[in-house]
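All remarks here apply to the structure that follows.
In what follows, chains are A, B, ... by sequence order, proteins preceding strands, each numbered from 1.
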There are 2 protein chains.
Amino acid sequence: MNIADQTFPAIDGANEDRAQAIRDQLRDAIVDRRLAPGTKLSEGEVGTLFDVSRTVARAALQMLSFEGLVRTERNRGAFVANPSPEEARQVFASRRLIEPGIAIAAAGRMTSADVAAFKTQLEEEGRFIAERGPTARRSEIKASGDFHLLLASVAGNVILQRFMEELVARSSLVIALYGRSGISSCGHNEHLQILEALEAGNASRASALMLHHIDHIEADLDLRVRSGPALRQALEF
Amino acid sequence: MNIADQTFPAIDGANEDRAQAIRDQLRDAIVDRRLAPGTKLSEGEVGTLFDVSRTVARAALQMLSFEGLVRTERNRGAFVANPSPEEARQVFASRRLIEPGIAIAAAGRMTSADVAAFKTQLEEEGRFIAERGPTARRSEIKASGDFHLLLASVAGNVILQRFMEELVARSSLVIALYGRSGISSCGHNEHLQILEALEAGNASRASALMLHHIDHIEADLDLRVRSGPALRQALEF
DNA sequence: TTGGAAAAGATTGCATACGATTTCTGCCGA
DNA sequence: TCGGCAGAAATCGTATGCAATCTTTTCCAA
């Protein structure tokens with residue numbers, strides 16, 4: 001039993017797909033790093049934990065594998081993804097391409113309700129930064145991602161929104177793996193600046209700020225290969 | 001029996017995932033419009049056609065639903081997607097954001113082998129345009145998409161490559177639904193120009209050409225709602 | 001004829017069963 | 001002690017069965 005350090009809250013009695021609910025909980029667990037990269041997620045174990053059959057557990061794992069959060073090997077099972085530095089770079093390259101455009105789109109569509117949502121979001125983000133300890137750090141990473149997801153939802157393009165969901169989730173994994181813990185609070189300031197630009201309807205400024213913001217996030221990573229890459233790959237670790 | 005106008009070729013005896021093979025064939029059929037938008041894809045039917053159990057058929061349909069090519073409704077089944085004009089606009093908005101960047105990345109990485117691949121690709125594309133008839137038109141749409149996919153593979157970012165696979169497939173659906181059949185041959189010329197710019201290593205020109213190219217593709221669509229939108233949506237057609 | 005309710009049929013959601021493949025374990029010989 | 005081989009255990013891939021849900025048909029009354 002590898003996952004079961006943490007009991008997952010029971011699935012709410014929605015008539016919605018149970019597989020989807022399981023996927024969401026697993027995704028949160030992965031993004032929060034309660035499930036470490038490389039952890040095996042066996043169908044049976046997941047099924048038992050969530051009290052469903054392997055069929056449903058399997059469907060949830062398949063979804064996560066499409067999102068790149070889980071890697072599946074035939075006849076071997078599913079494992080929490082362990083993105084390589086190269087993969088990490090590609091994640092951020094993708095974000096550099098997409099997010100400035102999202103910022104522009106969002107700048108033209110912000111309502112006052114959106115602004116309010118951003119403000120509560122950023123307040124919460126600030127709280128987590130003030131706190132110390134690994135739990136707060138996890139919540140901080142998650143909250144920081146939520147800012148970007150909120151922006152994507154305001155932009156009003158559901159396709160890009162889904163892309164961003166994937167990219168943000170993978171970024172969280174990458175940050176957890178390669179982040180230098182120090183500088184993350186400056187990201188919060190940048191979020192505030194971006195919101196300012198959005199509120200002012202200054203699309204190009206919001207876009208430029210976003211681009212810098214992504215650069216800063218990536219610059220905070222240590223993407224050098226740590227031990228010998230051959231060994232690392234051989235161990236898949 | 002709705003699908004069975006066309007027998008699918010038997011799945012090759014690969015040890016690879018059968019669900020994936022089925023997904024690929026169904027995707028081709030959807031993109032080629034052998035399967036019309038709105039067509040029901042029942043698990044049992046798909047399973048029978050490909051000689052697998054419903055379990056495997058279901059997995060294939062789930063994959064297609066993630067890609068947006070199939071829409072699934074709980075307890076009702078899976079249907080070939082029928083993108084709305086709004087969805088169509090979002091597909092092209094996404095492409096406008098991503099593909100110019102892909103062109104830039106590709107411009108810096110083109111090898112002579114890549115150039116050769118592009119040339120054979122464009123030759124084939126030209127052949128289909130010369131031909132007449134609905135079959136050639138299908139092949140033309142597909143070949144045109146393949147150009148963009150080839151570009152994405154040269155760009156060397158597997159995440160963006162996957163995004164493009166989805167976007168190109170959905171574009172093919174959209175073009176089949178909303179395309180005015182006339183002007184498509186000009187797209188071929190634009191492909192040729194883009195290749196020229198890529199070959200010359202002129203990234204910014206390739207990027208600009210790509211942006212115009214996407215605009216032209218979208219401009220060739222008739223995205224006005226055809227009959228009363230209420231009726232159309234009620235009939236899901 | 002039309003409206004509507006009830007039964008029949010079809011299809012999905014999910015659980016379970018079984019063979020195939022992989023991984024683990026214990027034993028033996030070098 | 002170490003390598004490796006055979007059997008056991010675990011895990012996956014897939015088929016199938018049953019209940020729940022949706023759709024269609026049938027039938028009856030207005």
Side-chain angles (χ1 to χ4, degrees), chain A residues 1-4 8 10-26 35 38-66 69-81 234-237, chain B residues 1-4 8 10-26 35 38-66 69-82 233-237:
Chain A
M1 294 285 271
N2 214 337
I3 305 177
F8 291 99
I11 305 167
D12 60 332
N15 48 1
E16 210 176 326
D17 252 343
R18 292 192 279 170
Q20 210 159 310
I22 292 174
R23 177 202 59 178
D24 290 344
Q25 296 211 20
L26 284 179
L35 288 170
T39 306
K40 169 147 198 192
L41 301 172
S42 91
E43 298 174 357
E45 203 174 349
V46 172
T48 308
L49 271 170
F50 288 98
D51 201 46
V52 294
S53 77
R54 269 182 54 217
T55 308
V56 176
R58 189 185 177 79
L61 291 172
Q62 196 191 358
M63 295 191 225
L64 289 169
S65 131
F66 282 131
L69 290 184
V70 151
R71 166 179 45 91
T72 63
E73 293 175 29
R74 182 172 177 96
N75 278 321
R76 284 194 19 96
F79 304 83
V80 177
L235 298 172
E236 289 179 352
F237 233 96
Chain B
M1 295 286 270
N2 213 338
I3 306 177
F8 291 97
I11 305 166
D12 61 333
N15 48 2
E16 210 176 325
D17 253 343
R18 291 193 280 171
Q20 209 159 310
I22 293 173
R23 177 201 60 177
D24 291 343
Q25 297 211 19
L26 284 179
L35 288 169
T39 306
K40 169 146 198 194
L41 301 172
S42 91
E43 298 174 358
E45 205 174 347
V46 172
T48 308
L49 271 169
F50 288 98
D51 201 46
V52 295
S53 76
R54 272 180 51 218
T55 307
V56 176
R58 190 186 177 79
L61 291 172
Q62 197 192 355
M63 295 191 224
L64 290 170
S65 130
F66 284 132
L69 290 183
V70 151
R71 167 180 45 90
T72 61
E73 293 175 28
R74 181 172 179 96
N75 279 323
R76 285 194 18 95
F79 304 83
V80 177
N82 201 339
Q233 284 201 332
L235 297 173
E236 289 181 352
F237 231 89

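In this view, A/Asn75 satisfies the side-chain hydrogen bond (donor to acceptor under 3.5 Å, both in side chains) rule with no residue, not counting sequence neighbours.
The phosphate of C/dA15 has OP1 or OP2 within less than 4.0 Å of a side-chain N or O from A/Ser53.
A heavy atom closer than 4.0 Å to some atom of DNA chain C occurs in no member of residues 58-66 of chain A.
When all heavy atoms of B/Arg74 and A/Asp17 are compared, the pair lying nearest together is NH1-OD1, 3.0 Å.
Counting heavy atoms from C-beta on, the side chains of A/Leu41 and A/Leu35 come closer than 4.5 Å. Residues B/Gln62 and A/Met63 are in side-chain contact: their nearest non-hydrogen atoms beyond the backbone lie under 4.5 Å apart.
Distance CZ (B/Arg18) to P (D/dC12): 18 Å, rounded to an integer number of Å. Rounded to an integer number of Å, the gap from B/Leu41 CG to C/dT12 C1' is 14 Å. Atom P of nucleotide D/dG13 and atom CG of B/Asp17 are separated by 7 Å, given to the nearest angstrom. In this structure, the CD atom of B/Glu43 is 14 Å from the C1' atom of D/dT14, given to the nearest Å.
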Please tabulate the protein-to-nucleotide N/O contacts below 3.5 Å involving nucleotides 17-23 of chain D, giving atom names and distances.
{"from": "D/dT21", "atom 1": "O3'", "to": "B/Asn75", "atom 2": "ND2", "distance (Å)": "3.3"}
{"from": "D/dT23", "atom 1": "OP1", "to": "B/Arg76", "atom 2": "NH1", "distance (Å)": "2.2"}

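Residue B/Ser42 places no side-chain atom within donor-acceptor reach of the base of C/dT12, judged by atom type and a 3.5 Å distance cut-off alone.
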Below 3.5 Å, can you tabulate the donor-acceptor pairs from side chains in residues 51-61 of chain A to any protein atom, sequence neighbours excluded?
{"from": "A/Ser53", "atom 1": "OG", "to": "A/Thr55", "atom 2": "N", "distance (Å)": "3.2"}
{"from": "A/Arg54", "atom 1": "NE", "to": "A/Glu43", "atom 2": "OE1", "distance (Å)": "3.1"}
{"from": "A/Arg54", "atom 1": "NH2", "to": "A/Glu43", "atom 2": "OE1", "distance (Å)": "3.0"}
{"from": "A/Arg58", "atom 1": "NH1", "to": "A/Glu43", "atom 2": "OE2", "distance (Å)": "2.4"}

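The residue among A/Thr55 and A/Gly77 whose nearest nucleotide of DNA chain D is located toward the 5' end is A/Gly77.
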